[in-house]
Every structure is written in structure tokens, then in C-alpha cells.
Amino acid sequence: MFRRGLNISKNTNGFEIESHYDRILQSCTSLAFLSQVHSILTTTGIIKHSVHLGARVIIKYSDFLHPQRARFVFDATDHESSSFLWNTMLRAYANSGFSSEALDFYSLMRKTGILPNNYTFPFALKSCAANLFPTYGKLLHSEIIRTGFGSDVYVEAALIDMYAGCEFIEDARKVFDKMSKRDLVCWTSMITAYEQAERPETALFLLNQMQQEGFSLDWVTTVTVASAIGQLGDGMKAQAVHGYAIRHAGFQDLPVVNSLLSMYSKCGEVEKAEIIFDQTKQRNTITWNSMLTCYTQNGLASEALDLFEQMKKSDINPNHVTSLIIVSACSYLGSQHLATKIHNFIKINKIETNLTLQNAIMDMYAKCGDLETSLRMFQEVPLSQLDVSSWNTLISGYGTHGHGKKALEIFNKMINHNFHPNHVTFTSILSACSHSGLIEEGKKCFSQMETFNVTKEPKHYACMVDMLGRGGLLNEAHEIIKNMSLQSQSQSHLQPNDEVWGALLLACKIYGNATLGKVCADNLLHLKPQHTGYYVLMSNIHATSRNWQEVGKLREDMKTKGLKKPAGLSLIEFNGNLHGFHTGEELNSFTKAVYEKVAKMVVDVKMAGYVPDLSCVFHDVEEEDKEGMLEYHGEKLALGFGLMNVDVGLVIRITKNLRVCSDCHSVFKLVSCVYKRKIIVRDVNRFHHFEEGCCSCNDYW
DNA sequence: GTAGGGTTAG
């Protein structure tokens with residue numbers, strides 16, 4: 001039983017024995033070895049009388065996240081005399097995430113009559129925050145004042161963290177302001193509190209004050225500050241922090257590097273994030289995940305998937321967070337082949353699939369056009385294990401595929417099963433109603449929001465405006481916005497935003513209402529002067545009524561502001577690969593055949609009654625030229641490619657990054673009839689299933 | 001002999 005090295009000679013004294021085992025315990029790196037040492041200490045009876053070794057074993061077990069075993073040690077050790085062992089046990093619970101056990105243990109400690117001290121409170125407070133237990137935290141706070149530990153800097157820092165963790169940021173600030181002496185950790189705690197509360201400006205303001213008082217940032221402060229700057233999305237400040245980190249030693253470690261990478265990612269500085277990533281040779285999971293997130297969040301989903309392939313070849317294993325990122329990248333691309341591949345990867349590698357990931361996978365299948373698999377996954381989860389997000393995913397899946405009635409059915413089922421709908425549920429169900437033209441049902445859902453105590457947000461109003469607008473009820477839609485304005489006098493968050501006006505503008509485009517369109521555009525250009533989509537929509541309205549002068553003015557305006565129409569990109573899957581087609585794709589040996597196919601396709605659909613819809617063309621050019629330009633839309637090229645390559649009998653699937661234009665929409669309908677092909681297009685808002693000359697959206701999109 | 005602040009995903 002005794003291993004070499006654990007053996008000690010018979011004539012060593014008690015102190016030597018203790019320090020001998022202490023050294024062994026300190027260097028212990030595996031749970032198995034720890035258990036062995038523990039059992040020796042127990043059988044020899046050494047641990048029972050050595051408070052010091054008992055504490056050491058307790059801490060070690062909690063390092064391995066086994067506070068239950070630590071508790072056995074505590075119970076078997078002589079702990080009546082002092083609070084030391086109690087504090088150690090409390091620490092074990094608090095630091096290994098067993099916060100409710102920690103609080104129970106604290107109560108036991110008080111009942112036993114052990115007096116808490118300056119070491120006790122930080123651990124107890126930490127567990128309150130982890131438990132979101134502000135009542136208990138406040139109780140502790142008064143106990144701290146009563147016992148006279150209210151001005152211990154460690155206790156005060158823990159109070160700040162506790163209040164901040166319970167989202168009582170003003171109480172945290174009160175503690176901070178009352179402190180007579182503040183160290184760097186307290187400053188950092190308070191700055192972190194604001195950062196976590198998504199108040200980056202206040203966080204940076206406090207940082208400035210901290211520096212004025214003579215403190216400089218250490219690596220922990222830097223990580224927090226990087227995160228705050230990421231929230232702000234301020235590229236200039238980002239560079240300043242990066243420079244600071246480069247100038248200071250000890251800032252090259254992964255936590256700082258990862259936080260800088262993520263900061264640049266949130267500022268949209270993909271290239272700078274790439275430089276950091278490439279320079280970092282020793283990457284951990286967070287490094288990889290941050291870079292993957294950077295690509296995904298900045299609209300570079302293909303790059304994210306390429307990087308994921310590299311990650312699989314590296315020595316770092318993808319985890320459930322990686323999976324979540326990749327699943328979202330795939331959802332963005334809309335590739336069914338990839339969806340299956342990624343899901344298989346998750347299954348084969350036995351990646352821990354919590355409900356969040358499960359829901360994301362369901363959502364991915366729905367967004368890749370495979371509603372059946374999404375539904376099957378939903379049905380496989382026992383009812384008791386579903387959450388609101390699971391239901392939301394399903395409702396939104398049916399909604400985007402144009403099955404509004406089915407979405408309503410699921411919505412009602414969810415309520416009958418006593419799930420409480422949230423703001424996402426209502427966004428999903430309202431937009432489902434909108435996509436299917438279910439105006440009355442939509443209005444009913446909108447009024448139900450109060451019943452379920454869900455606050456109406458601008459996005460919900462936007463859904464209503466969209467629904468009414470698409471249904472041709474432009475005035476009623478406009479009334480909704482006016483109503484919002486009235487309400488916003490008392491509820492400032494209800495100020496009509498760009499989403500609301502944008503929805504009405506779109507309706508004006510569909511119904512050719514230039515007068516109301518102008519009202520929308522004026523508001524939009526004021527609210528979002530950099531958003532090109534609104535310029536394009538408004539100029540389309542003017543183009544429809546052949547008001548080329550206004551079209552010209554808008555184009556001039558965009559030019560002065562340096563704005564460009566976003567590039568349309570259509571993706572089509574073939575042989576497991578994605579092919580991208582931009583609008584106005586360059587002519588080369590590969591695209592030549594595609595162009596020819598599209599030209600032939602246009603001739604064929606003209607025979608079936610196609611008349612080009614010239615309002616979709618931005619410029620004032622000769623009618624014939626305009627017709628020529630329409631052929632170059634990315635989705636038409638992708639369709640041409642699909643007709644050439646995808647086997648007859650198989651569905652042609654295309655994903656587009658913008659809304660599909662009305663001209664392409666009519667071409668797709670006719671192609672589905674003339675060529676007898678099923679085509680599924682996912683645009684930025686919804687799915688279009690084209691078959692036998694009709695689209696599942698009933699031209700309602 | 002015991003303590004405190006941090007990064008990724010949604």
C-alpha cells in the first residue's frame with residue numbers, strides 16, 4: 001500500500017511528518033493520487049489531529065471539484081476548536097461552484113456557534129452572487145457591519161462583487177464609494193461590475209478615475225477593459241488598449257490575448273483579430289472559439305467553417321461552445337449538407353449537448369430548409385426537458401417556411417402545456433402571421449402580449465407594421481407608428497425606430513405609395529444615415545413611378561456619403577460544396593456557361609409570360625439595358641448553375657444574403673413550372689418554396 | 001496556516 005516516496009522513517013517527529021505530507025499534497029496533480037494520500041493519512045490517524053493537513057486535503061479535493069469528498073475530511077477532523085477549518089470548508093464549497101451547499105454550511109457554522117471573521121465573509125458573499133441570492137447577501141452585509149468587519153478591504157471587495165453579481169449595481173457602488181482605502185482589485189471589481197451590466201461608458205470613466213489616482217492596469221483590469229471596449233465597438237480605443245498590452249510585460253498570456261482578440265472582433269476589426277490569432281502559437285479552446293466567433297459575427301461564415309477544419313487538425317478539441325458557433329455559422333449559410341455533417345461531428349465526438357446546443361441544432365436544420373429533422377429533434381426531447389427557446393425555434397421555423405397556421409398551432413400548444421411565452425416567442429409568432437398574411441390572428445397575438453405580461457418592444461411593433469403593410473393596410477400600419485410616438489412620451493423605449501419605419505417603407509414599395517414612402521425615408525435617413533438598404537428601397541419606389549430625378553438625388557446623396565449598395569451574394573450547394581454568385585459576377589470561363597444558361601432561361605420564361613419588372617433596377621438607364629442588368633442578379637446566376645448541375649428530381653437550394661427581388665421571384669416561379677423543378681430559396685427573411693409556378697409565400701413577402 | 005478582481009458561446 002505504501003508507495004516509495006510516501007514512506008517515512010519511524011523516528012521522524014510530528015512536525016516533520018506534517019511538513020512531509022504537506023509537500024506531497026501540494027505537488028499532487030491527480031485525484032487518484034490525492035485519494036491514496038488521503039487514505040494513508042486516515043488509516044494512520046495523522047489527519048485527525050492535524051488541522052493543517054486536514055485543510056490541505058479539503059482544498060485539494062475542491063481543486064478537483066469534489067467538495068463532497070472534502071466534506072468527509074472536514075467531518076472526520078477535529079474542527080470544534082477554531083473557525084479555521086470551517087473557513088476552509090466554506091472556501092471549498094464556494095470555489096467549486098457548490099454555492100447553495102456553501103450557504104447551508106455557513107448557516108450550520110453560525111448555528112454551531114462559530115464566529116465568522118474576515119476570512120469567512122468573502123466566501124459566503126461569493127456564494128450569494130452565484131446563487132443570485134441578494135436577500136441573503138444583504139443579511140450578511142448587516143452581519144458584517146455588526147461584527148466590525150465592514151472596513152476590511154477583502155470583505156468590501158467581496159460585497160461589491162456580491163451586489164454586482166445580484167445585479168444590484170447601485171448598492172455595489174455605495175460600498176465602493178464608502179471605502180476609505182481602495183486597492184487595484186476593488187477598482188477592477190467596480191469596473192467589471194459596470195462592464196457586466198453593459199455600461200461600458202461608465203466602466204471606462206471609472207478606469208480614467210482609477211488611473212488619475214495613480215493605479216495602472218494589471219492583466220485582469222486589461223481583460224475587463226478590453227471587454228468594455230468591445231461592447232462599445234470603438235476601434236480607436238481598442239488599438240490603445242492593444243498598444244498598452246504590448247508595452248507591458250506579462251500581458252502576452254492567453255487571457256489577455258483572448259480578450260484582445262474578442263475585443264477586435266466586436267469592433268468589426270477582423271484583420272486585426274486575425275493578426276493576433278496568427279501571432280499566438282499556444283492557443284487554447286477560447287482562442288479558437290474567439291476567432292471562430294469573430295468570423296461568424298462579422299458575416300464571414302465560410303471563413304469560420306474553414307477555420308473549424310483547421311481546429312479539428314490541431315491539438316485542441318472543439319467543445320460545446322465551438323459547436324454552438326459552428327452551428328450558427330452553418331445556419332447563416334443555410335447548407336443542408338453541412339448541417340448534417342456538423343450534427344454528425346457533434347454526435348461522433350460525443351460533445352456535451354445541453355438544451356441550448358440542442359435548440360441551436362434544431363434552428364440550424366430549420367434555417368437550412370430541413371424542417372422535418374428540426375421537428376423530429378423537438379419531438380425526441382421529453383416535454384419536461386423542453387424550454388421556451390425550444391418552442392420559439394419551432395414556431396420561428398414554421399413561420400419562416402410560410403406555415404403560419406402551423407406556427408399558431410404550436411404557439412397554442414405551448415401555452416396549453418403551461419410554457420410562458422417571452423419576447424422572442426411573440427416576435428416569432430407575429431412574424432409568422434405576417435409571412436402568411438394572417439392579419440386577424442396576428443392582431444390577436446399582439447393583444448395577448450399584455451395577458452402574458454410581456455413588454456411590447458419596437459421589434460413587436462415592427463412585426464405589426466410589416467403585417468399590416470404587406471396586407472395593403474398602409475394607413476393602419478402608419479397609425480401603429482403614430483401610436484408608438486404618443487406612448488413614447490411616457491415610455492421612452494417606444495420611440496419609433498428604423499425597424500418600424502423600414503417595415504412601412506417596404507410596404508410602400510410593394511404598393512407603390514411614394515408619398516408615404518417619402519415620410520418613411522425622411523425618418524429613416526435621419527435615424528440610420530449609413531444604412532444603404534433604405535436608400536435602395538426608396539429609390540426603387542421612385543423608379544417604379546419613373547421619377548428619375550429623385551432616384552438621381554438619392555444616388556448623389558449616397559455617393560457624397562461614400563455609401564455603396566451591399567453586394568448581393570447567392571450561395572448554391574452542389575456535390576457538398578458551396579458556390580457563391582455575386583450580382584454582376586465577372587465573366588470568365590467558369591461563369592460563361594452560367595450566363596448562357598441564364599439567357600436561355602430568360603427566353604424560356606418569356607414564352608411562358610414573363611415580363612421583366614424593371615423597378616428592381618437602381619439606375620436610370622435605357623429600358624433594354626435595364627433588362628440586361630436584371631439577368632445578372634446573383635440568384636438568377638445561382639439558379640442557372642443549379643439547372644445545369646443539380647440532377648433532375650433533386651431540389652435546387654439557394655441561400656441569398658439580401659431579400660429576393662420581385663423580378664427574380666417571378667422568374668423562379670416560372671422556372672419551377674417550365675422546367676418542372678422544385679426550388680427552395682432562403683432570403684434574409686424567410687424561405688420560398690417554388691413548385692409548379694407557385695411560391696409558398698403566395699407572393700406575400 | 002486561510003482571501004478578493006478576468007476572457008469565449010446565447
Side-chain angles (χ1 to χ4, degrees), chain A residues 18-19 22 26 50-56 58-59 62 82-92 94-95 117-126 129 149 152-162 164-165 172 176 182-193 195-196 210 215 217-228 230 245 251 253-263 265-266 273 277 283-294 296-297 304 316 318-329 354-357 359-360 363 387 389 392-393 424:
Chain A
E18 199 173 55
S19 56
D22 190 35
Q26 279 192 54
S50 167
V51 171
H52 179 75
L53 285 178
R56 185 70 77 195
I58 289 172
I59 290 166
S62 80
S82 78
S83 54
F84 168 53
L85 267 178
W86 287 85
N87 286 342
T88 310
M89 190 57 226
L90 186 61
R91 171 191 171 183
N95 284 355
N117 60 21
N118 54 324
Y119 293 99
T120 319
F121 290 118
F123 299 124
L125 288 166
K126 184 178 184 174
F149 292 105
D152 180 284
V153 73
Y154 284 86
V155 175
E156 285 172 311
L159 277 169
I160 293 174
D161 289 333
M162 183 276 290
F176 179 79
R182 302 185 190 100
D183 63 8
L184 180 63
V185 173
C186 298
W187 279 100
T188 310
S189 279
M190 199 59 231
I191 293 170
T192 307
E195 181 266 318
Q196 294 282 317
M210 179 188 105
F215 291 99
L217 297 78
D218 72 353
W219 70 269
V220 182
T221 326
T222 308
V223 167
T224 291
V225 168
S227 173
F251 282 55
D253 298 336
L254 277 182
V256 178
V257 170
N258 291 341
S259 73
L260 293 174
L261 175 45
S262 158
M263 170 185 72
S265 156
K266 286 179 188 145
F277 182 79
R283 301 163 185 155
N284 64 9
T285 319
I286 296 176
T287 322
W288 284 95
N289 288 351
S290 301
M291 196 61 224
L292 289 168
T293 305
C294 176
T296 311
Q297 296 287 318
I316 300 293
N319 64 6
H320 68 285
V321 178
T322 321
S323 309
L324 211 50
I325 304 165
I326 290 306
V327 162
S328 111
N354 55 18
L355 193 54
T356 312
L357 182 55
N359 289 338
D363 193 46
D387 68 0
S389 300
N392 293 350
T393 304
V424 181

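Sequence lines set the chain letters: A, B, ... in the order given, protein chains first and strands last, and positions in each chain run from 1. Just so we're clear, the structure is a prediction, and the values are computed from it rather than from any experiment.
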So what does A:Thr224 hit on the nucleic acid, given a heavy-atom distance under 4.0 Å: a base, only sugar-phosphate, or nothing?
sugar-phosphate
Would you mind telling me which of B:dT7, B:dT8, B:dG10 lies closest to the side-chain atoms of A:Val321?
B:dT8
In whole Å, I'd like the distance from the CG atom of A:Asn284 to the C1' atom of B:dT7.
9 Å
Determine the contact category for A:Val185: base if any of its heavy atoms lies under 4.0 Å from a base atom, sugar-phosphate if only primed atoms, P, OP1 or OP2 are that close, otherwise nothing.
base
Within the 4.0 Å heavy-atom criterion, would you say A:Asp183 contacts the bases, only the backbone, or no part of the nucleic acid?
base
Kindly confirm whether the side-chain ring of A:Tyr154 is stacked on the base of B:dA3, judged by centres under 5.5 Å and planes under 30°.
yes
Starting from P on B:dT2, measure out to CZ on A:Arg56 and report it in whole angstrom.
8 Å
Nearest-angstrom distance from the residue atom CZ of A:Arg283 to P of B:dT8:
19 Å
Would you mind classifying the nucleic acid contact of A:Thr356 as base, sugar-phosphate or nothing, using non-hydrogen atoms under 4.0 angstrom?
nothing
How many Å lie between CG on A:Leu292 and P on B:dT7, as a whole number?
19 Å
Base, sugar-phosphate alone, or nothing: which one does A:Leu184 contact when heavy atoms must sit under 4.0 Å apart?
base
Rounded off to whole Å, could you give me the CG-to-C1' distance for the A:Asp152 and B:dT2 pair?
13 Å
So, using side-chain contact (heavy atoms from CB on, under 4.5 Å) as the criterion, who are the partners of A:Val257 when residues are at least two apart?
A:Ile276, A:Thr280
Report the distance from atom CZ of A:Phe149 to atom P of B:dG4, rounded to the nearest whole Å.
17 Å
Under the side-chain hydrogen bond (donor to acceptor under 3.5 Å, both in side chains) rule, collect the residues that match up with A:Asp183, sequence neighbours excluded.
none
Tell me the interatomic distance from A:Trp219, atom CH2, to B:dG4, atom P, rounded to whole angstroms.
13 Å
Quick check: any donor-acceptor pair below 3.5 Å linking the side-chain of A:Ser189 to the base of B:dG5?
no
